[in-house]
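Working notes, beginning with the structure itself.
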There are 2 protein chains.
Amino acid sequence: MAKYSDQLDAMFTALADPTRRTVVTRLGRGPASVGELAQPLSISLPSFMKHVRTLEACGLIRTRKTGRVRTCVLNQDRLGLLDGWLEEQRRIWEAGTDRLEQFVTGGQQPVEDTTDTDGAVDPTGSTRITDTEEES
Amino acid sequence: MAKYSDQLDAMFTALADPTRRTVVTRLGRGPASVGELAQPLSISLPSFMKHVRTLEACGLIRTRKTGRVRTCVLNQDRLGLLDGWLEEQRRIWEAGTDRLEQFVTGGQQPVEDTTDTDGAVDPTGSTRITDTEEES
DNA sequence: GTAATACTTAGCTTTATGGCTAAGTATTCG
DNA sequence: CGAATACTTAGCCATAAAGCTAAGTATTAC
């Protein structure tokens with residue numbers, strides 16, 4: 001079972017390259033062969049194939065070889081992994097916003113980690129970031 | 001003006017690392033100092049600082065130094081860049097599904113490339129991807 | 001004023017990426 | 001059958017990424 005975190009690694013890494021995003025976008029319009037995909041991209045076929053395999057490895061596309069042609073198809077569902085992560089983040093920081101509101105209206109420390117980190121508290125004595133000066 | 005595509009590069013690259021995603025998630029709960037963020041991550045401070053800079057460079061976090069402490073804050077809005085890209089993709093492949101339906105019901109080529117160089121279209125801008133589709 | 005704290009800067013190492021050429025292999029065309 | 005087509009495999013290179021130690025530099029604590 002590939003860990004969730006590893007899947008995100010692979011997904012984000014795959015999408016971090018403009019060539020690969022181009023492929024994803026193009027495949028959004030429908031299936032295409034490796035050659036068709038590579039043709040407009042001034043890149044050698046071997047180099048392009050690496051991108052194809054990267055996209056396939058993270059599950060974003062699926063490919064199938066028929067005769068001498070390999071056809072690529074977008075696996076739209078896979079983008080749900082990103083939606084999920086974004087959703088998760090929003091859920092977390094919305095909870096944080098609630099705490100902040102509670103703080104503003106009620107008067108508690110708005111944050112100060114659950115889980116990790118430790119109890120080291122803001123040395124300025126107030127939980128603010130908007131304070132004094134700047135750096136070099 | 002940093003190109004939209006470059007911003008996506010930086011954003012996806014930043015999120016491709018589990019350490020950095022951990023930081024984003026942690027900052028979703030509220031601001032924290034560099035030291036607080038690094039402490040639970042068995043990594044040297046200099047190494048950790050690189051991650052902080054990477055996150056800052058892509059706009060996902062903002063930092064401010066007060067005294068000897070650098071505090072980091074999540075810039076939630078920046079995740080909208082990802083939402084935007086995902087939205088764009090969906091729009092494209094939903095149009096593709098329409099064409100496919102047209103194909104199934106009507107009888108045309110369901111696809112056939114529209115030489116694009118990336119989803120290198122600023123979704124906030126005006127340049128649409130158009131997608132002229134079908135000819136012949 | 002001396003120490004401890006919280007980063008910073010420098011410089012180095014290892015591994016991963018992205019791209020290329022040359023040389024196959026399997027199919028399909030004439 | 002022989003040639004053209006559509007990838008594949010096998011190296012090889014240059015650059016970027018991620019981590020480390022050692023040695024600063026401000027700040028704050030004592």
Side-chain angles (χ1 to χ4, degrees), chain A residues 5-6 8-24 31-58 61-73 117-126 129 131-136, chain B residues 5-6 8-23 31-58 60-73 113 117-118:
Chain A
S5 179
D6 292 339
L8 286 172
D9 279 13
M11 180 68 84
F12 280 121
T13 299
L15 294 174
D17 183 281
T19 296
R20 288 190 293 258
R21 285 199 304 278
T22 298
V23 171
V24 169
S33 71
V34 168
E36 284 168 356
L37 292 169
Q39 184 255 310
L41 298 178
S42 53
I43 185 181
S44 70
L45 214 44
S47 299
F48 182 71
M49 277 305 294
K50 287 189 184 177
H51 291 303
V52 170
R53 277 192 270 275
T54 299
L55 288 167
E56 202 174 5
C58 78
I61 72 172
R62 271 171 296 126
T63 77
R64 177 172 189 188
K65 192 156 186 177
T66 303
R68 60 188 173 183
V69 177
R70 178 174 297 278
T71 303
C72 308
V73 191
T117 325
D118 93 8
V121 187
D122 187 339
T124 63
S126 65
I129 40 138
D131 233 26
T132 54
E133 50 113 10
E134 233 330 81
E135 86 240 35
S136 48
Chain B
S5 180
D6 292 339
L8 286 173
D9 279 13
M11 180 67 84
F12 280 120
T13 299
L15 294 174
D17 183 282
T19 296
R20 289 191 292 259
R21 284 199 306 276
T22 298
V23 170
S33 71
V34 168
E36 285 167 355
L37 292 170
Q39 186 256 308
L41 298 177
S42 55
I43 184 180
S44 69
L45 214 45
S47 299
F48 182 71
M49 278 304 294
K50 286 189 185 178
H51 291 302
V52 170
R53 297 295 180 201
T54 299
L55 287 167
E56 200 173 8
C58 78
L60 260 177
I61 72 172
R62 272 172 299 124
T63 78
R64 171 179 296 265
K65 192 156 188 179
T66 303
R68 60 187 173 181
V69 176
R70 179 172 297 277
T71 303
C72 307
V73 193
D113 83 276
T117 314
D118 185 348

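Every chain is numbered from 1 and lettered A, B, ... according to where its sequence line falls, protein lines coming before strand lines.
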Donor-acceptor list for residues 62-73 of chain A side chains, cut-off 3.5 Å, not counting sequence neighbours:
| residue | atom | partner | partner atom | Å |
| --- | --- | --- | --- | --- |
| A:Thr63 | OG1 | A:Glu56 | OE2 | 3.0 |
| A:Thr63 | OG1 | A:Arg70 | NH1 | 2.9 |

To the nearest 0.5 Å, what is the distance between CG on B:Leu15 and CG on B:Leu60?
5.5 Å
Measure the distance from CE on A:Met49 to P on D:dT8 and round it to the nearest whole Å.
4 Å
SG/A:Cys58 to CG/A:Leu8 distance, rounded to the nearest 0.5 angstrom?
11.0 Å
What is the nucleic acid contact for A:Ser33, judged by heavy atoms within less than 4.0 Å: base, sugar-phosphate only, or nothing?
sugar-phosphate
dist A:Gln39:CD -> A:Leu37:CG (nearest 0.5 Å) comes out at 10.0 Å
The contact string for nucleotides 19-30 of chain C, one letter per nucleotide 5' to 3', using protein heavy atoms under 4.0 Å with B, S and - for base, sugar-phosphate only and none, comes out as BBBB----BS--
When the distance from CG of A:Leu41 to P of C:dG18 is rounded to whole Å, what number comes out?
14 Å
Short side-chain N/O contact to C:dA6 OP1/OP2 from B:Lys65, under 4.0 Å:
no
Rounded to the Å, how far apart are A:Phe12 CZ and C:dT17 C1'?
19 Å
Taking D:dC7, C:dC7, C:dT8 as options, the one with an atom nearest any side-chain atom of B:Arg53 is C:dT8
Between D:dC7 atom P and A:Arg64 atom CZ, what is the distance in whole Å?
15 Å
Find the distance B:Asp9:CG to D:dT15:C1' and express it as a whole number of Å.
15 Å
What pairs of donor and acceptor atoms, side-chain ones from residues 45-53 of chain A against any protein atom, are under 3.5 angstrom apart with sequence neighbours left out?
| residue | atom | partner | partner atom | Å |
| --- | --- | --- | --- | --- |
| A:Ser47 | OG | A:Ser44 | OG | 2.8 |
| A:His51 | ND1 | A:Arg20 | NH1 | 3.1 |

Can you measure from CG (A:Leu55) to CE (A:Met11) and round to the nearest 0.5 angstrom?
9.5 Å
